[in-house]
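Comments concern the structure below.
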Amino acid sequence: TVFNRDSENRYYSYEESGPMVASLSNAPVYGLWDFYLGHSIVGGCLVSGKAQGVAAGQLTQRILNGEKVTSIPVLASSPNVLVVDYAEAIKRGLRPQKLPENIRVVEGVEKSGRLSIKVTHRHRNWLIGAGVILTAFGLLWMLRKELAKSKTGATLGIAGARQQPMAQFLKIRMVRTAGVSALGLALAIVAVDLVGFQKEQVEDRESLMAQKQGEIRDQVDRAIEYIEFSRRHEEMRLRRRLSDQLGEVVQMAKESDLKPDQLSVLLKETSWHNGTGYYFVLDSQGNVLFGPDLGQKKIVEEMMRKGRKIGRDFVSFKDSRDSVITACVDWNEDLHVLLGTAEYRDEPVKLLQEDIKARLSAISFDGGEGYIFAGSQDGVIFTSRANPEVIGRNMLDMKDSQGVEAIKDLIIASKKPAGGLVRYTWPKTTTGVESAKVSYARGVADWGWFVGAGAYLDEVEATIALNQNNRIKS
């Protein structure tokens with residue numbers, strides 16, 4: 001996941017940062033990662049996840065085929081790909097046709113050439129249709145000329161046909177038939193092409209919808225990854241802090257030759273991390289010699305088991321007030337006691353959550369229209385950069401103009417293992433006008449959160465119209 005941060009600690013996704021950099025640059029902008037293609041970079045020697053996956057798969061296949069790992073050379077460099085975005089290169093005044101043959105030329109995110117094939121096919125159809133129409137009018141003009149030469153000067157009828165030589169009659173009939181047939185053929189070609197045009201609109205809509213849904217899924221997945229990373233990082237810091245504090249006590253007891261009761265007196269007034277951390281001492285039977293009552297017998301038994309059999313280890317539990325506690329324990333054979341350090345987790349977790357909310361609020365994408373929103377699973381919104389007025393409000397029963405309970409449906413979708421999509425209407429951040437929207441949400445179950453992102457569907461329709469106009473112009 002790549003995020004870019006400015007001097008004011010605002011975060012931008014690569015979809016936003018690429019165009020922002022390019023708009024301020026007078027020179028072509030090149031990148032390092034292939035997912036920047038289609039986002040204002042000309043190209044570069046790009047790191048490709050696909051190419052890396054192929055390389056890893058080839059190595060794996062060699063191992064599965066029986067080759068020894070030691071005989072397979074290590075890849076000394078990443079299988080990067082030389083790529084140029086054709087449209088971006090043209091925009092910057094470059095000539096992709098002058099590039100060496102080993103550089104792949106694509107249109108934004110590579111589409112395997114479907115668009116250019118359709119455009120070429122449409123050109124051919126319209127040219128054929130135009131040619132047939134011109135032919136038809138040419139034949140009809142010849143028919144009119146022949147009719148003008150007839151003695152009657154009137155429209156050819158059966159009686160007139162009998163007065164004319166048979167050859168001239170047949171000639172006029174053939175010209176008229178050919179003209180009408182050519183005109184019909186031209187109209188048929190145009191009709192078939194219009195049907196294809198409508199089919200392409202449908203395909204465009206399906207493709208763009210899938211792309212939009214993929215984009216918002218990607219944004220939400222990144223947000224969830226960031227949350228999980230932050231939690232893991234905080235847990236690692238906590239465990240390191242507990243272990244260090246316990247190590248100091250063990251070292252102090254060893255160097256001072258203290259008895260358990262003396263150690264308890266020494267630790268009695270000691271705490272750390274703003275008072276959330278404390279020490280405790282248990283005798284060989286699990287009785288508390290010093291420290292708060294640990295409450296549950298099962299927790300004490302788990303501490304004793306881990307401390308004696310595993311050595312220094314960690315235990316998480318809830319006390320009688322339902323506060324979450326993490327402890328580090330170690331059995332001290334010299335003192336014949338279990339030494340422990342512990343921290344209440346409620347306050348640190350709350351601080352971590354507030355930090356995460358601030359980070360999520362700063363994320364934007366899709367030209368500023370896209371943002372991350374989050375809330376509790378009882379409907380209270382606490383992150384919505386574009387709609388600060390809803391923060392702190394319970395939106396569970398909120399309905400849009402179509403009667404859709406958007407927040408309630410998003411919460412339900414977020415409880416699914418892979419999250420879910422919801423369609424509803426919501427005011428646009430730029431205009432304030434209510435527009436159709438699709439959002440994707442996932443949950444953070446043990447925190448009781450849902451996290452989501454959305455895309456406005458009118459942008460899809462505008463892109464379809466732009467694509468069709470571009471195709472016609474091309």
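Fair warning: this is a prediction, and the values are worked out from it, not measured in the lab.
- Under the 4.5 Å side-chain criterion, counting only non-hydrogen atoms from C-beta, Ile411 is in contact with Leu396.
- The closest donor-acceptor contact from the side chain of Asp283 to the backbone of Gly286 lies under 3.5 Å.
- With a 4.5 Å cut-off on side-chain heavy atoms, Asp409 and Val404 count as touching.
- In terms of modelled atom types and a separation under 3.5 Å, the side chain of Thr341 and the main chain of Leu242 share a donor-acceptor contact.
- The minimum heavy-atom distance linking Ile41 with Glu88 is given by the pair O-CG, 3.4 Å.
- The two residues Val42 and Pro28 come nearest to each other via the heavy atoms CG2-CB, 3.7 Å.
- The side-chain heavy atoms of Ile224 and Tyr226, taken from C-beta on, include no pair separated by under 4.5 Å.
- A donor-acceptor distance shorter than 3.5 angstrom exists from the side chain of Asn394 to the backbone of Asp378, with no hydrogens or angles considered.
- In this structure, Ser316 and Thr326 approach most closely via the heavy-atom pair OG-OG1, 3.2 Å.
- A salt bridge links Glu235 with Arg239: the closest approach of a Lys/Arg side-chain nitrogen to an acidic carboxylate oxygen falls below 4.0 angstrom.
- At least one side-chain heavy atom of Ile72 sits less than 4.5 Å from a side-chain heavy atom of Leu59.
- Residue Asn80 comes nearest to Cys45 through the heavy atom pair CB-SG, 3.6 Å, listed as atom of the first residue, atom of the second, then distance.
- Screening Arg62, Gln61, Glu67 against Asn65 for a side-chain hydrogen bond (donor to acceptor under 3.5 Å, both in side chains) leaves a single residue, Gln61.
- The structure places NZ of Lys306 at 10.5 Å from SG of Cys328, a figure rounded to the nearest 0.5 Å.
- Rounding to the nearest 0.5 angstrom, the gap separating the CG atom in Leu410 from the CD atom in Glu405 is 11.5 Å.
- No donor-acceptor distance shorter than 3.5 angstrom exists from the side chain of Ser25 to the backbone of Val21, with no hydrogens or angles considered.
- With sequence neighbours left out, Tyr456 forms a ring-ring contact (aromatic ring centres under 6.0 Å, His included) with no residue at all.
- Between Phe35 and Trp33, the ring planes are parallel. Angles under 30° get that label, and only those over 60° would be called perpendicular.
- Although no hydrogens or angles enter the test, the distance criterion places a donor-acceptor pair under 3.5 Å between the side chain of Gln296 and the main chain of Lys318.
- By the 4.5 Å heavy-atom criterion applied to side chains, Ile325 and Glu343 are not counted as neighbours.
- Remark: Gln219 CD to Leu360 CG distance equals 11.0 Å, nearest 0.5 Å.
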**OP:** Applying side chain to side chain contact (heavy atoms under 4.5 Å, CB included), run through Leu457 and Arg423 and close with a yes or a no.
**Re:** CA-CA 10 Å; Leu457 302 185; Arg423 290 196 182 194; 4.1 Å; yes
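- No side-chain donor-acceptor contact under 3.5 Å links Arg442 to the backbone of Gly452.
- Rounded to the nearest 0.5 angstrom, Arg241 CZ and Glu234 CD are separated by 6.0 Å.
- Residues Val69 and Ile63 are in side-chain contact: their nearest non-hydrogen atoms beyond the backbone lie under 4.5 Å apart.
- Distance alone, capped at 3.5 Å, places no donor-acceptor pair between the Asp85 side chain and the Leu37 backbone.
- A salt bridge links Arg231 with Asp446; the closest basic N to acidic carboxylate O contact falls under 4.0 Å.
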**OP:** Check the pair Gln213 / Tyr440 against side chain to side chain contact (heavy atoms under 4.5 Å, CB included), numbers first and verdict last.
**Re:** CA-CA 8 Å; Gln213 291 174 9; Tyr440 172 70; over 6 Å; no
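- In summary, Arg222 and Asp218 engage in a salt bridge, as defined by a charged side-chain N under 4.0 Å from a carboxylate O.
- Contact check on Lys428 versus Asp458 returns a salt bridge, with a Lys/Arg side-chain nitrogen under 4.0 Å from an Asp/Glu carboxylate oxygen.
- At distances below 3.5 Å, not a single donor-acceptor pair connects side-chain atoms of Asn332 with backbone N or O atoms of His336.
- Annotation: side chain of Asn287 is not in contact with side chain of Leu282 (no heavy-atom distance under 4.5 Å).
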Original post:
What's the verdict on ring-ring contact (aromatic ring centres under 6.0 Å, His included) for Phe365 and Tyr371, showing C-alpha distance, side-chain angles and the deciding distance?
Top reply: CA-CA 6 Å; Phe365 58 95; Tyr371 56 93; 7.8 Å; no
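- Of the charged side-chain nitrogens involved, none lies within less than 4.0 Å of a carboxylate oxygen, so that Glu301 and Lys298 do not count as a salt-bridged pair.
- In this structure, Ser323 contributes its side chain and Asp319 its backbone to no donor-acceptor pair below 3.5 Å.
- In terms of heavy atoms, Phe450 sits closest to Ser376 at CE2-O, 3.4 Å.
- Using a 4.5 Å cut-off on side-chain heavy atoms (C-beta onward), Leu338 and Met304 make contact.
- Contacts of Gln353 classified as side chain to side chain contact (heavy atoms under 4.5 Å, CB included), with partners at least two apart in sequence or in another chain: Val349, Trp447, Trp449.
- Scanning both residues, Ala327 and Phe317, for their nearest heavy atoms gives CB-CE2, 4.1 Å.
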